[in-house]
Amino acid sequence: MRAKFRWLFTFLFAGVLLPVVSEFFIELARQDGMYDDPKRTIDIVMDWISWIANHHLTHYAIVGLGGVTFGLWVDALLRRREETVANSQDQVAIDEGAANEKGSLTEAEQREVYEGAHEELMLFVAERVFPTCEAIYKLQDALLRRIVGSSTVADMAMSGARASYWVQPYAEGMDYLHGLVSSPSEYLYFREMIEAVERVEKGYRAYVGVAAKLSEEAGIILKDDPDLKRLYHQWRANHQSMYDAYDRIKIDSRFKIDANSTGLFRPARKSRWGELVGASSLSVSSQFLKPEDTPA
């Protein structure tokens, strides 16, 4: 309501009353020749001031103007007070939210140390996930450079692969987990780390599929290729090590997030990381992971 009154008063005074009154006095002064005789103008102005000061209506005008000014001053004061109260309430809400969030953390997380299942998952990421993902990255990169013969094109293709729809969960999870290897290292909370590993696991098969598709279309048998077989066998070894270590995680209920999300706790389901194709059956069309529906 006060805002509407302020807007109406400003509009009437500045937009209507002030221009009309100003034009009236300018025209009156022009008719009396005030602009032609400055000394006479001063005398007339002083007479006007004296007449206005002694007029009985002047007192009412001053009181009215003073009342409006006082009202606007009080309004501004109340508005500042309301803004201060609102800002204080917002800050209290932020503080309470931060307190609630901190209250939901374990004692170890409040001290930003890794303990128990949190530490086990951190070590799994650092010692199993990172080496495996680095190995498949290097293999894909070498494959692309072999096929396209251009480092620039290979780099663009690698970036495009990470941005694809099916690989995107993998890329998002890896981006978060890379906080562990940043300098200085970032502390990753347990719940967020579980969610990140889950995203990496979800998109890992699609990311590996990029290398599978490249090698198949190029007709390259990786296990025998003199330039690529070292990278290929390194990835297979790292993948198998990660796959075996993850079997212990997925049957451990400590890696469950809450009642609405199982997190990494899936004891009756196969790992989404995928099983390696047996070394005895490697071929151009099957060099990486078994199909998802392959029986255990």
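Just so we're clear, the structure is a prediction, and the values are computed from it rather than from any experiment.
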Does [X] belong to the same Ile/Leu/Val/Met/Phe/Trp/Tyr cluster as [Y], with side-chain heavy atoms less than 4.5 Å apart forming each link?
X	Y	result
Met122	Val113	no
Leu123	Leu188	yes
Val181	Met242	yes
Tyr176	Tyr137	yes

Going from CH2 on Trp235 to CD1 on Ile136, what distance comes out if it is rounded to the nearest 0.5 angstrom?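 That separation rounds to 5.5 Å.
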
Determine whether [X] and [Y] make a side-chain contact, defined as any pair of heavy atoms from C-beta on separated by less than 4.5 Å.
X	Y	value
Ile257	Thr262	no
Leu264	Tyr246	yes
Phe130	Leu180	yes
Trp273	Arg128	no
Phe288	Leu222	yes
Val277	Gln287	no
His239	Val208	no
Glu275	Lys270	yes

Do any N or O atoms from the side chain of Ser182 and from the backbone of Gly179 form a donor-acceptor pair under 3.5 angstrom?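 At least one qualifying donor-acceptor pair exists.
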
For the backbone of Ile220 and the side chain of Ser215, can you confirm whether one donor and one acceptor N or O come within less than 3.5 Å of each other?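 No, because the side chain of Ser215 does not come within donor-acceptor range (under 3.5 Å) of the backbone of Ile220.
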
At their closest point, which heavy atom of [X] faces which heavy atom of [Y], and how far apart are they?
X	Y	value
Leu139	Leu231	CD1-CB, 4.0 Å
Glu112	Tyr189	OE2-OH, 3.6 Å
Gly203	Pro169	N-CB, 4.4 Å
Ala142	Leu228	CB-CD2, 3.5 Å
Tyr243	Gly274	CD1-O, 3.3 Å
Leu276	Arg236	CD1-O, 3.4 Å

Before you tell me yes or no, could you show the steps for Tyr207 and Cys133 under side chain to side chain contact (heavy atoms under 4.5 Å, CB included), namely the whole-Å CA-CA distance, both residues' side-chain angles and the distance that decides it to 0.1 Å? CA-CA 9 Å; Tyr207 189 62; Cys133 294; 5.9 Å; no

Could you go through Asp225 and Tyr232, starting from their C-alpha distance and side-chain angles, then the distance that decides it, and tell me whether this counts as side chain to side chain contact (heavy atoms under 4.5 Å, CB included)? CA-CA 9 Å; Asp225 188 275; Tyr232 174 65; over 6 Å; no

Which residue pairs pass the salt bridge (Lys or Arg N to Asp or Glu O under 4.0 Å) test with at least one member in residues 240-251, sequence neighbours excluded?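 Listed once each, the pairs would be none.
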
[X]: which residues meet the side chain to side chain donor-acceptor pair (under 3.5 Å) condition with it, sequence neighbours left out?
X	value
Arg254	Glu120, Asp252
Asp258	Arg191
Arg199	none
Ser261	none

Does a sphere of radius 6.0 Å around CZ in Arg269 hold more than 12 heavy atoms from other residues, nucleotides or ligands, not counting ones at 6.0 Å or beyond?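 Counting other residues, nucleotides and ligands, CZ of Arg269 stays at 12 neighbours or fewer.
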
Check for me whether the distance between the ring centres of Tyr114 and Phe190 falls short of 6.0 Å.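 Not under 6.0 Å, so no.
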
Please work out whether the ring planes of His118 and Tyr187 are parallel, tilted or perpendicular, with thresholds of 30° and 60°.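 Answer is perpendicular, since the angle exceeds 60°.
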
For Glu201, check salt bridge (Lys or Arg N to Asp or Glu O under 4.0 Å) against everything at least two apart and list the hits.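 For Glu201, the residues satisfying salt bridge (Lys or Arg N to Asp or Glu O under 4.0 Å) (neighbours in sequence not counted) are Arg266, Arg272.
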
